[in-house]
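Working notes, structure below.
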Amino acid sequence: MSSGDYRSYDYLGLDRTPPAELAPEFDRVPAYDGGFDTATIARAEALLAENITISLHDHPVLFPADMSDTPAYNRTGRQHTAFNGLAASGLTVVFDNMMNGTACVTGNAPWQWDDVVTDLGMRQADLAHQSRVVVIKTVADIRAAHAEGTVGLVFGLEAATPINNDIEKLDVLHGLGLRQIGIAYSDSNALGSGLNEPTDGGLTNLGRKAVARMNRLGLAIDVSHSSDLTGIQTCAVSDRPVFMTHAGARAIWDIPRLKSDAALKAIAETGGVIGMSAAPHTTISKAHPKHSILSVMDHFMYCLDLVGIDHVGFGPDTLYGDHVGLHTTFAGLLNKDAIAAGPEHELVPYVDGLENPTENFHNIAAWLVREGFSDEEIIKVLGGNILRALEEIWV
Ligand SMILES: [Zn+2]
């Protein structure tokens with residue numbers, strides 16, 4: 001089935017019903033009113049249509065309308081791809097971090113090896129029954145998706161935790177279609193320290209071997225949830241560009257989830273890219289303490305000044321559903337201690353302007369146009385920088 005009305009797991013027939021009502025793909029929250037004029041929107045939309053645009057980190061799937069149903073939904077392995085939302089996103093490619101691979105961070109749903117393999121296979125079985133969304137494994141796949149007007153998903157994991165001490169499992173994951181992987185999540189694993197650790201042990205010996213194998217495999221490395229030292233040491237030993245797929249600058253908002261100048265600079269020195277995150281209550285700024293696209297852009301401008309236009313992009317870390325509610329359901333993800341220790345800010349129900357994968361890049365492109373960036377600069381940050389790095393990584 002390839003028609004435009006395919007919904008995830010329709011190939012099952014009547015058995016496709018998910019265990020819970022799912023969030024809508026459109027209009028869950030009011031549209032962002034950025035005050036962009038007609039000419040700004042027209043130029044932004046032309047730039048999106050004509051160029052390869054890449055989100056370095058999102059979860060482009062439908063979550064349950066009531067987020068407390070998420071653990072049961074995830075246990076089915078059948079996350080539902082947002083085909084219609086993606087078709088309207090202006091995106092060529094989304095790095096899709098599936099069920100995360102974070103393993104045990106919450107205690108609610110310990111995603112282990114079998115779960116990750118199940119998710120990788122289940123998602124691809126679904127995608128194989130339609131043609132609007134394709135699985136990306138090479139740079140040539142990205143160019144083909146753009147030429148054909150389809151949307152591509154790059155499968156990734158937020159951390160390598162499910163491989164335990166077995167480097168060979170990286171080969172297996174690559175063979176199953178995975179093309180991006182984090183070193184550690186907020187809790188440490190056998191490869192290195194996560195960002196929550198009171199003592200930063202950096203990259204382990206096993207982690208160094210894993211980085212070498214990731215380089216050889218052509219598996220893109222992410223250090224978004226790794227500790228500063230783990231990230232810096234990963235960059236030092238990797239002979240390919242390294243990504244920080246979804247993060248922000250600690251100099252702008254001082255919480256452990258965001259990154260030191262040294263960690264941000266280390267990414268740029270590899271030829272890699274920092275993707276600005278918009279996960280609720282992370283990339284806030286003193287100028288915009290109510291989290292919105294404007295707060296995120298304060299992090300973008302800081303990183304741009306720090307590392308240059310060739311090493312910045314966007315990894316909004318959004319999804320279809322109530323992300324704040326998800327943080328409440330999976331309390332470990334919110335990192336309440338870190339936020340409580342940070343500067344004063346106002347809690348929001350959602351991040352205005354960067355709430356879901358459908359709206360993100362329309363608003364980002366319009367903001368960049370209005371702020372006076374050139375076409376060349378906008379093309380780089382919407383996806384050109386990531387594409388350049390992938391040409392060196394996926395070999
Ligand atoms: Zn994350």
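Indexing begins at 1, ligand by ligand and atom by atom, following the structure's order. Side-chain atoms are counted along with the backbone in the values below, which use heavy atoms only and exclude waters and symmetry mates.
- Relative orientation of the F300 and W367 rings is perpendicular, given thresholds of 30° and 60° on the angle between their planes.
- Applying the ring pair (Phe, Tyr, Trp, His ring centres under 6.0 Å) test to F83 and every residue at least two apart in sequence or in another chain returns Y6.
- Between atom NE2 of residue H291 and atom CH2 of residue W253 there is a gap of 9.5 Å, rounded to the nearest 0.5 Å.
- Within the structure, side chain to side chain donor-acceptor pair (under 3.5 Å) contacts touching residues 19-35 (residues at least two apart or in different chains) are R28-E355.
- If you count the protein N, O or S atoms nearer to the Zn ion (ligand 1) than 2.8 Å, you get 3.
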For side chain to side chain contact (heavy atoms under 4.5 Å, CB included), just list the numbers for L127 and V134, CA-CA rounded to whole Å, side-chain angles, deciding distance to a tenth of an Å, and then say yes or no. CA-CA 7 Å; L127 296 178; V134 296; over 6 Å; no
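- Listed by chain and number, the residues in a ring pair (Phe, Tyr, Trp, His ring centres under 6.0 Å) with H323 are H327 (sequence neighbours excluded).
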